[in-house]
Amino acid sequence: MAASDTKSVLFVCLGNICRSPIAEAVFRKMASDAGVADKWRIDSAATSTYEIGNPPDFRGQACMKKHGVPMRHVARQVTREDFTSFDYILCMDESNLSDLKRKAKSVKNTKATVELLGKFDPQKQLIINDPYYGSDQDFEKVYEQCVRCCKAFLEVNS
Ligand code: 6LJ
């Protein structure tokens, strides 16, 4: 596989411990199951500095274990380089989107398409809400939304 055939996606949320590591892990497993993992660079990051260096939220880890999806990540913040090196930056809510669009303005030669992951949802649930102050059920909903959206995103990129 030539490097020029590689696509890249960065999943982004506020803290990079709840939603975006789930999206990253779900998408990586789908790409792997489809036999195209070698064609993708897949990562996740935060708009904020709140949780830099921390592992995914325990409730998200439990949710992913339950569904048999491996997840291993250390939270990091979005960098200027992310805007020039990723093809897609997919985020979760309108606050993420406005933060990313503001950051993108200070970067020359941004190549990334920045959009809501929810735009790919066949059930049209556009926003993937922050489950930080929520319940296990809220994490389950995040997972289900990520499954629907990542499946559709992979299909349009196949
Ligand atoms: C600056 C003030 C905020 C959240 C989160 C919320 C709050 C989070 C968090 C998602 C992932 C110093 C840091 C907000 C990781 C941490 C607590 C506050 C952090 C907020 C508003 C509504 C719903 C959820 N902020 N950490 N401190 N989401």
Side-chain angles (χ1 to χ4, degrees), residues 7-32 37 40-107 110-154:
K7 295 178 183 184
S8 54
V9 59
L10 180 70
F11 297 98
V12 172
C13 65
L14 178 62
N16 191 210
I17 60 165
C18 298
R19 294 168 288 180
S20 57
I22 289 175
E24 177 193 353
V26 163
F27 187 72
R28 182 173 290 109
K29 181 165 192 300
M30 280 179 185
S32 176
W40 284 92
R41 175 186 174 209
I42 305 162
D43 197 2
S44 65
T47 56
S48 78
T49 59
Y50 299 172
E51 302 282 346
I52 292 173
N54 289 338
D57 187 287
F58 189 84
R59 297 163 294 174
Q61 292 192 36
C63 176
M64 299 299 266
K65 280 203 183 79
K66 176 179 139 188
H67 291 286
V69 180
M71 176 168 68
R72 201 180 64 231
H73 188 70
V74 175
R76 69 171 183 89
Q77 190 174 29
V78 168
T79 65
R80 303 167 60 79
E81 292 67 35
D82 290 330
F83 291 94
T84 58
S85 73
F86 281 93
D87 298 316
Y88 296 97
I89 298 180
L90 302 180
C91 65
M92 307 297 156
D93 60 34
E94 297 286 359
S95 171
N96 304 155
L97 194 59
S98 58
D99 286 347
L100 287 168
K101 296 214 153 149
R102 179 173 39 75
K103 286 173 192 273
K105 280 182 187 169
S106 73
V107 179
T110 98
K111 84 165 174 186
T113 299
V114 180
E115 61 190 348
L116 290 167
L117 177 58
K119 283 188 82 173
F120 296 91
D121 189 358
Q123 293 186 20
K124 305 297 176 196
Q125 290 201 21
L126 189 59
I127 304 303
I128 302 177
N129 286 309
D130 187 345
Y132 186 79
Y133 291 120
S135 65
D136 289 345
Q137 183 54 44
D138 295 311
F139 277 83
E140 184 65 22
K141 180 171 180 185
V142 167
Y143 169 76
E144 297 297 345
Q145 288 181 279
C146 287
V147 166
R148 295 198 302 270
C149 295
C150 286
K151 181 171 185 286
F153 176 69
L154 185 58

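Each ligand, and each atom within it, is numbered from 1 in the order the structure gives.
- A salt bridge links Asp99 with Arg102; the closest basic N to acidic carboxylate O contact falls under 4.0 Å.
- Residues Val142 and Asn129 share a closest heavy-atom pair of CG2-O, 3.7 Å.
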Intermediate values then yes/no, salt bridge (Lys or Arg N to Asp or Glu O under 4.0 Å), Arg148 and Asp121: CA-CA 6 Å; Arg148 295 198 302 270; Asp121 189 358; 2.8 Å; yes
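- Residues in residues 40-50 take part in these salt bridge (Lys or Arg N to Asp or Glu O under 4.0 Å) pairs, two or more places apart or across chains: Asp43-Arg76.
- By the neighbour-count criterion of 12 heavy atoms within 6.0 Å, atom NZ of Lys111 is densely surrounded, having more than that number from other residues, nucleotides or ligands.
- Residues Ala45 and Val78 come closest through the heavy atom pair CB-CG2, 3.7 Å.
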Taking a 3.5 Å cut-off between nitrogen or oxygen atoms, can you list every pair linking ligand 1 to the protein, with distances?
| unit_1 | atom_1 | unit_2 | atom_2 | d |
| --- | --- | --- | --- | --- |
| ligand 1 | 28 (N) | Asp130 | OD2 | 2.7 |

